[in-house]
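If you're wondering where the values come from, they're calculated on a predicted model, not measured in any experiment. Quick note on labels: first sequence line is chain A, next is B, and so on, each numbered from 1.
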There are 2 protein chains.
Amino acid sequence: MIKRGALAEATGSNIETIRYYEKIGLLHEPDRSASGHRLYSRDDQKRLGFVLRCRELGFSIAELRELLGLVDTKDYTCAEVLAVTTQHIEDIAKKIADLKRLKRTLDRMSAECSGEAVPDCPLVEALFE
Amino acid sequence: MIKRGALAEATGSNIETIRYYEKIGLLHEPDRSASGHRLYSRDDQKRLGFVLRCRELGFSIAELRELLGLVDTKDYTCAEVLAVTTQHIEDIAKKIADLKRLKRTLDRMSAECSGEAVPDCPLVEALFE
DNA sequence: CTTGCACCTGTAGTTACTACAGAGAGTATA
DNA sequence: TATACTCTCTGTAGTAACTACAGGTGCAAG
């Protein structure tokens, strides 16, 4: 059983983030010492690891809640997990496409611009339409 | 001179967003009618168009503030505008790369998963590490 | 014993909006 | 003219996902 600071250290997360995840119900309320300090078990640490890893992979808190909901039922199926993940992958693919389109537009616009120390920029004209 | 609702309509923006942009100083305070209703000129509309277009292109409010700061000086140079834009393009390129990496990881992980109606998912195992 | 850090709580700030509530203004119809 | 309905006004609160503080205990070392 370790305290909050040690858990943050061990998982490479922010100490406040842990309290936040507890508050919004992603993490269970941990045990407490006699004086009220949080004490985390190995399982608590694994669960936080899961949360952090999912966040790194871009899952939203809502998606995470869904995943944890499945995991917590203890009889989730592959199909259920894959559904959430596939949806997430599609969202990411869409974001990538959007950003690429954005970048193409910006590339095109900035190609018009000499970048020299002269006034009146065609890029600004383009933005004003 | 048109009112806020008409301006929102004309620019395809939300009526509340206009007030917000005014509040944070992206838009100048417009004229007012005798009874206090905002009245927007053609120039106001052009400026809002500029703001909306930049936002569509993914510029942050801070970047926009910088661009508008240049535009407002009236003797900005191409070089200055290009610097902001180039930085923004680089940020987008980085985001695209990050998302692609994410997607590769997720694709790899979900390839492990049969997606069938069976319990215990290798995807979940992977997320728990 | 006291110094100093870790931890506790609640709350406010961040970004870029969006959505109210309650009141006054403007317009269309009866 | 009266009424109804829509628009606009203001300030404030909510959203996502944290992060950062303030003011107050607990704990371990010197």
Compare the minimum distances between each of [options] and the side chain of [X], then state the nucleotide with the smallest one.
{"X": "Ile15(B)", "options": "dT8(D), dA17(D), dC9(D)", "answer": "dT8(D)"}
{"X": "Tyr21(A)", "options": "dA16(C), dT10(D), dC18(D)", "answer": "dC18(D)"}
{"X": "Ile61(B)", "options": "dT9(C), dC17(C), dC9(D)", "answer": "dC17(C)"}

Rounded to whole angstroms, how far apart are [atom1] on [X] and [atom2] on [N]?
{"X": "Ile2(A)", "N": "dA6(C)", "atom1": "CD1", "atom2": "P", "answer": "15 Å"}
{"X": "Leu27(A)", "N": "dA17(D)", "atom1": "CG", "atom2": "P", "answer": "15 Å"}
{"X": "Lys23(B)", "N": "dC9(D)", "atom1": "NZ", "atom2": "P", "answer": "15 Å"}
{"X": "Arg4(B)", "N": "dG24(C)", "atom1": "CZ", "atom2": "P", "answer": "18 Å"}
{"X": "Ile18(A)", "N": "dA17(D)", "atom1": "CD1", "atom2": "C1'", "answer": "15 Å"}
{"X": "Leu7(A)", "N": "dA6(C)", "atom1": "CG", "atom2": "C1'", "answer": "14 Å"}
{"X": "Tyr40(A)", "N": "dC7(C)", "atom1": "OH", "atom2": "C1'", "answer": "11 Å"}
{"X": "Asp31(B)", "N": "dC9(D)", "atom1": "CG", "atom2": "P", "answer": "13 Å"}

Checking all strands, does Ile24(A) fall into the base, sugar-phosphate, or nothing category for heavy-atom contacts under 4.0 angstrom?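 No contact.
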
Please check if the side chain of Arg38(B) supplies one atom and the backbone of Arg19(B) the other of a donor-acceptor pair under 3.5 Å.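 Answer holds: no.
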
Hey, is the main chain of His88(B) close enough, under 3.5 Å, to the side chain of Asp91(B) for a donor-acceptor pair?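 Not confirmed, Asp91(B) side chain does not pair with His88(B) backbone.
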
Does Glu9(A) have more than 12 heavy atoms from other residues, nucleotides or ligands lying within 6.0 Å of its CD?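 Not more than 12 within 6.0 Å, no.
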
Hey, mind stepping through His37(B) and Arg32(B) against side chain to side chain donor-acceptor pair (under 3.5 Å) and telling me if it holds? CA-CA 5 Å; His37(B) 287 195; Arg32(B) 299 276 183 148; over 6 Å; no

Check nucleotides 28-30 of chain D for protein N or O atoms closer than 3.5 Å to its own N or O atoms and list the pairs.
none

Note: Asp98(B)-Arg101(B) ion pair, threshold 4.0 Å (strictly below):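 So Asp98(B) pairs with Arg101(B) through a salt bridge.
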
Would you call Lys103(B) and Asp107(B) a salt bridge, taking side-chain N to carboxylate O under 4.0 Å as the test?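 Between Asp107(B) and Lys103(B) there is a salt bridge, with a charged N closer than 4.0 Å to a carboxylate O.
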
Give the B/S/- string for nucleotides 19-26 of chain D, one per nucleotide from 5' to 3', where a protein heavy atom under 4.0 Å of the base yields B, of only the sugar-phosphate yields S, and otherwise -. BBB----S

I want to check something: taking the side chain as every heavy atom from C-beta on, are Glu80(A) and Val84(A) in contact at a cut-off of under 4.5 Å?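 Of all side-chain heavy-atom pairs linking Val84(A) with Glu80(A), none is under 4.5 Å.
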
Identify whether NZ of Lys or CZ of Arg in Lys3(A) sits under 6.0 Å from the centre of the six-membered ring of Tyr40(A) and within 45° of that ring's axis.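 Geometry flag: not set, cation outside 6.0 Å or 45°.
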
For Asp72(A) and Arg65(A): C-alpha separation, side-chain torsions, deciding distance, then whether salt bridge (Lys or Arg N to Asp or Glu O under 4.0 Å) applies. CA-CA 10 Å; Asp72(A) 286 344; Arg65(A) 230 184 268 280; over 6 Å; no

